[in-house]
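Order of the sequence lines fixes the chain letters, A, B, ..., with proteins taken first and strands second; residue numbering starts at 1 for each chain.
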Number of protein chains: 2
Amino acid sequence: MAVARSITSAAENNGTIPDRVFSLLREAIVEGDIPAGSKISEPELARVYGISRGPLREAIGRLEACGLVVRRRNVGARVVTLSSTQLIEIYHIREALEGMAARLAAQHMSAEEIADLRSLLSQHGQQIERDIDHAYFQREGDLDFHYRIVQGSHNAHMIDLLCNDLYHLVRLYRYQFGMSSKRGPRAFVEHEHIVDAIERRDAEMAEVMMRAHIRASRENVERMLKGVNRP
Amino acid sequence: MAVARSITSAAENNGTIPDRVFSLLREAIVEGDIPAGSKISEPELARVYGISRGPLREAIGRLEACGLVVRRRNVGARVVTLSSTQLIEIYHIREALEGMAARLAAQHMSAEEIADLRSLLSQHGQQIERDIDHAYFQREGDLDFHYRIVQGSHNAHMIDLLCNDLYHLVRLYRYQFGMSSKRGPRAFVEHEHIVDAIERRDAEMAEVMMRAHIRASRENVERMLKGVNRP
DNA sequence: CTACGCAATATTGTCGACAATACTAGCCTC
DNA sequence: GAGGCTAGTATTGTCGACAATATTGCGTAG
């Protein structure tokens, strides 16, 4: 990794130091640049970023609040290693929260937001047809979609919860487990059905479809974890 | 408030300083000892608790992560003032999460846990009959019940989310708004139905009942907020 | 009299150093 | 040779001081 040459002189010079270093560390952790289970050394990172340990500790504290690192007293912080049970737990939470988000989105999304969502979906459809960047769709494209639905809920607390915390954990898991099931096309169809329901302002159906979508994803993961991939 | 005389010499001398200060401040905020919207002065609190600003800032950072205070750059932290929309937002999140928690509880609670839950419920029933401490039941007793259900989900992430963050916000709101509707007896019956469903291991019904329970509570609040209390 | 600008002040943001605790390596004993 | 104890080391926890920024009050111009 290229030296992080004095974070204060970085392009985005707005925001406080903990803000910037928090974002940087979060991205580094989520994308696997800092391996799972590895130690977060305060002196080392302070040296790397050219800052003092004070702001750094605040950034690490926020990472802990997100669930991306775990801290032990007088020992330090380590990047979390997601267990399979933790993964399933997150899926259950997503099923509940995003189901509600879809319900609220059906009630509150503006026509423009829905149109944008449709165009995003059509992009995904083209990607699937051409089979380009299949892995990428699996990873970021899927989250893009869910991200928009959550935004559409217009529930600030829910947006914060999912977009600032949970989704980063999801991304971390995807990098850690490197999963890329063949659910891509199937997931795409489910996405379409969800948007259909939102467009019809059918809140009940939107929630049901979203929950089914996430539940299917969870069950898929559960099958893979059990190693029961019968051909 | 009596002087907090050197927090380091307090009874519970375990845990790090930020831990203790965080708990103290959280309780003080939630119970209204620190009024809503009031400023959290770092120098003042550091003097009061006899500690430096470093650990104090970490504690405040955690309060921010909980949503109990809001911080503005170079300005400082203030206790949140819950708006009615924020309150409704939290109810929507609770409806989703606790509904799922009830579903999981029906699947995973041990017979002993269910028995404990029953006995808690019977205590509440007696309190209602004697009409003692009506306000208390409304406030803490109700949360006790929900707390146990969430614990019964055996989903660590969900437990953390609800018990460590959201419930404190709920308590804060109850102190801020000072609400005590006449939903006590009605809520009690709903609680019973939820436990019935859990005892039957009827996960679907447990979720439906819990969601209906919280939705009713939300709708009750919405009526009061609109000032539509027709006699 | 009001509105704008500026300086004084207090608060937050950041830093480097000291103290306390946990890991580690080596030595001693059995 | 293995196990446990002890000293050393490195890391985290805490502190006080300095720098940077926002607020506040006053003075002045219109």
request  = Could you please name the option among D:dG16, C:dG13, C:dA17 that lies closest to any side-chain atom of A:Arg53?
outcome  = C:dA17

query = Can you check whether A:Ser52 has a side-chain N or O nearer than 4.0 Å to OP1 or OP2 of C:dA17?
reply = no

message = Need one value for B:Gly76: base, sugar-phosphate or nothing, where a base atom within 4.0 Å counts as base even if backbone is also close, heavy atoms only.
response = sugar-phosphate

ask   = In terms of side-chain heavy atoms of A:Val75, which of C:dC23, D:dA22, C:dT14 is nearest?
value = C:dC23

task = Using a 4.0 Å heavy-atom cut-off across all strands, classify A:Ile40 as base, sugar-phosphate, or nothing.
result = sugar-phosphate

note = Checking D:dT14, C:dT21, C:dC15 against the side chain of A:Ile17 (C-beta onward), the nearest is C:dC15

request  = Measure from the side-chain heavy atoms of B:Lys39 and tell me the nearest of C:dG13, C:dC15, C:dT12.
outcome  = C:dT12

inquiry  = In whole Å, I'd like the distance from the CD atom of B:Glu44 to the P atom of C:dA10.
reply    = 14 Å

key: OH (A:Tyr167) with more than 12 external heavy atoms under 6.0 Å   = yes

ask   = Reckon B:Arg73 has a side-chain N or O less than 4.0 Å from the OP1 or OP2 of C:dT12?
value = no

inquiry  = Nearest whole Å is fine: how far is D:dG13 C1' from A:Glu58 CD?
reply    = 16 Å

request  = Could you check whether A:Ile60 gets within reach of a base, just the sugar-phosphate, or nothing at all, counting any heavy atom under 4.0 Å?
outcome  = nothing

note = Taking D:dG13, C:dT11, C:dG13 as options, the one with an atom nearest any side-chain atom of B:Pro43 is C:dT11

message = Holding to side chain to side chain donor-acceptor pair (under 3.5 Å), I want the full list of residues that pass it with A:His157, two or more places apart in sequence or in another chain.
response = none

B:Gln123: partners by side chain to side chain donor-acceptor pair (under 3.5 Å), with sequence neighbours left out = none

note = Value for NE2 (A:His146) from CG (A:Leu162), rounded to nearest 0.5 Å, stands at 10.5 Å

request  = Under 4.0 Å between any heavy atoms, over every strand shown, what does B:Arg72 touch: base, sugar-phosphate, or nothing? Just pick one.
outcome  = sugar-phosphate

note = Of the candidates C:dT14, D:dC15, D:dG13, the side chain of B:Arg57 sits closest to C:dT14

note = Out of C:dA22, C:dG13, C:dC15, minimum distance to the side chain of A:Ile51 belongs to C:dC15

